[in-house]
**Student:** 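Mind looking over this structure? Questions follow.
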Amino acid sequence: CLVGSEMCIRDRSWSREIMKNCWQKVVFTKNCTCLNGNKIKKSGVRRLKRKWILWIAMILFCVAAGAGNDTKAQAGTLSTRGVWISAFEYEDLGLVGTMSESQFRANAASVFAKVKANGCNTVYFHVRSFDDAIYPSKVVGWSERFTKGKGAPSYDPLKILIDTAHRYGLKFHAWMNPYRVTFKKVLDPAEDATTDRIVSQVREIINKYKVDGIHFDDYFYPNNEKKYKKLSKAEKMSAVNKMVRKVHSTVKAKSSRLLFGISPAGNPTYCHQIGADVETWLSNPGYVDYIIPQIYWTNQYLENGKKTAYFSKKLAQWRQMNKRDIPMYIGLALERAGGKLELDPGWLSSSRNLADMIKEIRKGNTEGYVLFDYSSLYRDVTQKEVKNYLAEITSFRLSRTKKTLKTGKKFKLSVRRVWPSRVQGKIRFKSSNKKVATVSKKGVIKAKKKGKATITITTVEGNVKAKIKVTVKKK
């Protein structure tokens, strides 16, 4: 029931599916008791009915315009700016079960505050890394990496992590390795019992916790294990596809708003070898709601001994495969920044890799990026890359974009950084015509003589983020 209205709602979820057929879900009546117990008055029904017809029409318009967020891409928006936090970071971040509850809460708050400060809005947090869990599960045992072999904590870590992430305005996706048991052992993807085990844990998580989604990474069939070498690519992909479909249907049965996505390896040829049928996932409904290909190469990668724009090449390939135009975010290898890689010297020779990649991501049917990994945001060797990455995504908000002044008059620009808050240094101002108007270091514009000038506002790194056009008139 909408409080104060003359409507009763039979279904309270207001999902897109409901709104498409909303007239079957909304009933105007003279006698109705709403879900909150309020009685509907008989008077004013016709008048309010007209009001709600208009209101619903507006909702339907908005739904038609924006309901594609879950299923259709919105190119260039950078709507998702994510980061992976892996099981191998638990201890360094103080996110282990040996911590007291108060310590764990404080450490979680510190981590998520920094995630947000770096311009991210989504966290992909490792909750199942080796057929285990970082919460009390009836399906699998506790993660040894999380408990450090000292048994289960007295609190529920996953609930704390999700609640804390949401408090900082972050979306939380439960990251799971579906098949991996150890580095050398996997659950057999072809076994029904394997699929049932994975689906059971997915169902357990979505029923017990307020996650925003379920997320799988790029570990499927092991590439070099004798047991599976005799299998064809088609056989591997068939087994994995069966599991992926069941997980997707399980997630959607819980809520149409819950998302299921996968982060496959960035090379589609390798994906096929390990059973990841990425073309099918991107061409047919019922598999994934989003995809995050891990394009972990720079545009100086050595292919057959020659420097190749490999990032751009693979990005174009993934975009072309995205037949359904589902949301596609690009996995970026921040961990490689500043490192010496024989086949990819670009990570060492340039500190603008991520910044340039994000520029390219903005230009096509890709809607964001995910950084691997959180710890790399603060490693000494990556800081030049991080600085340029932050400068690229920084945005300002101006109180106005035009101003008319009379000669001799002054005007103080109102500028503030919207995000990310980690960006250091001062904003710089520059006038295109100092004879017409000057601007001080503090953003005070002074009108000099009749004419026009443009005041440009940049980061200290020189990235142009905003402009204001100034017209000067005589007194």
Side-chain angles (χ1 to χ4, degrees), residues 82-118 120-183 185-187 196-217 219 247 250-251 254 258 260 372-378:
V83 63
W84 281 292
I85 299 180
S86 82
F88 304 99
E89 298 179 87
Y90 292 161
E91 188 169 9
D92 289 343
L93 302 183
L95 297 177
V96 287
T98 55
M99 295 286 175
S100 67
E101 182 175 349
S102 61
Q103 287 176 316
F104 190 88
R105 287 182 180 277
N107 293 342
S110 175
V111 168
F112 293 138
K114 289 177 180 177
V115 168
K116 187 170 184 178
N118 280 279
C120 297
N121 61 8
T122 308
V123 174
Y124 301 86
F125 200 100
H126 228 163
V127 304
R128 171 191 165 105
S129 53
F130 294 96
D131 190 40
D132 52 19
I134 63 166
Y135 64 92
S137 171
K138 294 181 179 179
V139 181
V140 296
W142 280 90
S143 163
E144 288 291 315
R145 286 187 178 275
F146 186 80
T147 62
K148 310 302 292 182
K150 296 184 179 181
S154 60
Y155 51 89
D156 188 334
L158 185 53
K159 184 178 187 308
I160 292 172
L161 289 167
I162 295 168
D163 290 347
T164 306
H166 288 166
R167 194 168 74 244
Y168 280 92
L170 303 171
K171 293 181 181 179
F172 189 103
H173 287 237
W175 169 15
M176 305 172 69
N177 288 100
Y179 298 124
R180 188 171 67 184
V181 178
T182 68
F183 283 119
K185 179 183 177 182
V186 298
L187 300 172
D196 291 344
R197 186 175 179 85
I198 294 166
V199 170
S200 292
Q201 192 173 5
V202 168
R203 186 180 292 112
E204 181 178 60
I205 291 172
I206 62 178
N207 285 340
K208 192 174 180 181
Y209 301 100
K210 295 180 180 180
V211 295
D212 297 289
I214 297 294
H215 177 74
F216 288 176
D217 60 17
Y219 286 92
V247 170
T250 299
V251 169
K254 175 64 177 177
L258 271 177
F260 171 55
F372 189 85
D373 50 9
Y374 169 85
S375 297
S376 298
L377 287 166
Y378 291 96

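Throughout, numbering of the chain's residues begins at 1 and tracks the sequence.
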**Student:** What are the two closest non-hydrogen atoms of Arg197 and Asp131, and how far apart are they?
**Tutor:**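 Minimum heavy-atom separation between Arg197 and Asp131: NE-OD1, 2.9 Å.
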
**Student:** If we count only N and O atoms by modelled type, under 3.5 Å, do the side chains of Asp212 and His166 hold a donor and an acceptor together?
**Tutor:**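 Their side chains do contain a donor-acceptor pair, which is all the 3.5 Å distance test asks for.
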
**Student:** In Å and rounded to the nearest 0.5 Å, what is the OH to CG distance from Tyr90 to Asn107?
**Tutor:**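 Reported to 0.5 Å precision, the distance equals 14.5 Å.
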
**Student:** Would you call the rings of Phe88 and Phe183 parallel, tilted or perpendicular if under 30° counts as parallel and over 60° as perpendicular?
**Tutor:**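 Aromatic pair Phe88/Phe183 classed parallel.
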
**Student:** Work out which heavy atom in Ala152 is nearest to a heavy atom in Trp142; give both atom names and the distance.
**Tutor:**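 Closest approach of Ala152 to Trp142, heavy atoms only: CB-NE1, 3.3 Å.
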
**Student:** Measure the NZ-OG1 distance between Lys116 and Thr122 for me, rounded to the nearest 0.5 Å.
**Tutor:**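 Those atoms lie 12.0 Å apart.
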
**Student:** Take Glu144 and Asp132, measure what side-chain contact (heavy atoms from CB on, under 4.5 Å) needs, and give me the verdict at the end.
**Tutor:** CA-CA 8 Å; Glu144 288 291 315; Asp132 52 19; over 6 Å; no

**Student:** Can you measure from CD (Glu204) to CD1 (Ile206) and round to the nearest 0.5 angstrom?
**Tutor:**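 Answer rounded to 0.5 Å: 10.5 Å.
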
**Student:** So His126 and Glu89, side-chain contact (heavy atoms from CB on, under 4.5 Å) or not? Walk me through it.
**Tutor:** CA-CA 10 Å; His126 228 163; Glu89 298 179 87; over 6 Å; no

**Student:** On the ring face of Tyr219, is Arg180 found with NZ or CZ under 6.0 Å from the centre and within 45° of the axis?
**Tutor:**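 Geometry flag: set, cation within 6.0 Å and 45°.
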
**Student:** So, for Gly97 and Tyr155, which heavy atoms are closest and what is the spacing to 0.1 Å?
**Tutor:**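 The pair with the smallest heavy-atom distance is O-OH, 3.8 Å.
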
**Student:** Side chains of Gln201 and Ser137: is there a donor and an acceptor less than 3.5 Å apart?
**Tutor:**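 Note: Gln201 and Ser137 side chains miss the donor-acceptor criterion.
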
**Student:** For a 4.5 angstrom cut-off between non-hydrogen side-chain atoms, does Val96 reach Met99?
**Tutor:**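 In short, these two side chains touch, coming nearer than 4.5 Å.
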
**Student:** Between atom CD1 of Ile205 and atom OG1 of Thr250, what is the distance when rounded to the nearest 0.5 Å?
**Tutor:**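 Reported to 0.5 Å precision, the distance equals 12.0 Å.
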
**Student:** Can you confirm if the NZ or CZ of Lys208 lies within 45° of the ring axis of Tyr135 and under 6.0 Å from the centre of its six-membered ring?
**Tutor:**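 No, a cation-pi geometry is absent between Lys208 and Tyr135.
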
**Student:** Once ring pair (Phe, Tyr, Trp, His ring centres under 6.0 Å) is applied, do any residues pair with Tyr168, and if so which ones, sequence neighbours excluded?
**Tutor:**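 Partners of Tyr168 by the ring pair (Phe, Tyr, Trp, His ring centres under 6.0 Å) criterion come out as none, since no residue qualifies.
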
**Student:** Once you measure the plane-to-plane angle for Trp175 and Trp84, does it fall in the parallel (<30°), tilted (30-60°) or perpendicular (>60°) bin?
**Tutor:**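 Rings of Trp175 and Trp84: tilted, as their planes differ by 30° to 60°.
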
**Student:** Distance check, rounded to the nearest 0.5 Å: Leu93 atom CG versus Tyr378 atom OH?
**Tutor:**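 Leu93 CG to Tyr378 OH: 11.0 Å, rounded to 0.5 Å.
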
**Student:** To check you understand the geometry: which heavy-atom pair defines the closest contact between Ala174 and Val211, and what is its length?
**Tutor:**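 Smallest interatomic distance, heavy atoms only, reads CB-CG1, 4.3 Å.
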
**Student:** So which heavy atom on Gly213 is nearest to which on Leu258, and how close?
**Tutor:**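 The answer is N-CD2, 4.1 Å.
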
**Student:** I would like to know whether Arg203 and Val139 meet side-chain contact (heavy atoms from CB on, under 4.5 Å); could you show each step before the answer?
**Tutor:** CA-CA 10 Å; Arg203 186 180 292 112; Val139 181; over 6 Å; no

**Student:** Would you call the rings of His215 and Tyr124 parallel, tilted or perpendicular if under 30° counts as parallel and over 60° as perpendicular?
**Tutor:**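 Correct class here is tilted.
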
**Student:** Walk me through whether Lys114 and Leu377 qualify under side-chain contact (heavy atoms from CB on, under 4.5 Å).
**Tutor:** CA-CA 9 Å; Lys114 289 177 180 177; Leu377 287 166; over 6 Å; no

**Student:** Classify the side-chain pair Asp373/Ser376 by whether it contains a donor and acceptor separated by less than 3.5 Å.
**Tutor:**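 Present: a donor and an acceptor within the cut-off.
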
**Student:** Report yes or no: do Asp92 and Tyr374 form a side-chain donor-acceptor pair below 3.5 Å?
**Tutor:**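 Their side chains do not contain a donor-acceptor pair, so the 3.5 Å distance test is not met.
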
**Student:** Between Leu95 and Ala108, which heavy-atom pair has the shortest distance, and what is it?
**Tutor:**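 Nearest heavy atoms, Leu95 then Ala108: CD2-N, 3.7 Å.
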
**Student:** To the nearest 0.5 Å, how far apart are CG in Asn121 and NZ in Lys171?
**Tutor:**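 One gets 7.0 Å once the value is rounded to the nearest 0.5 Å.
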
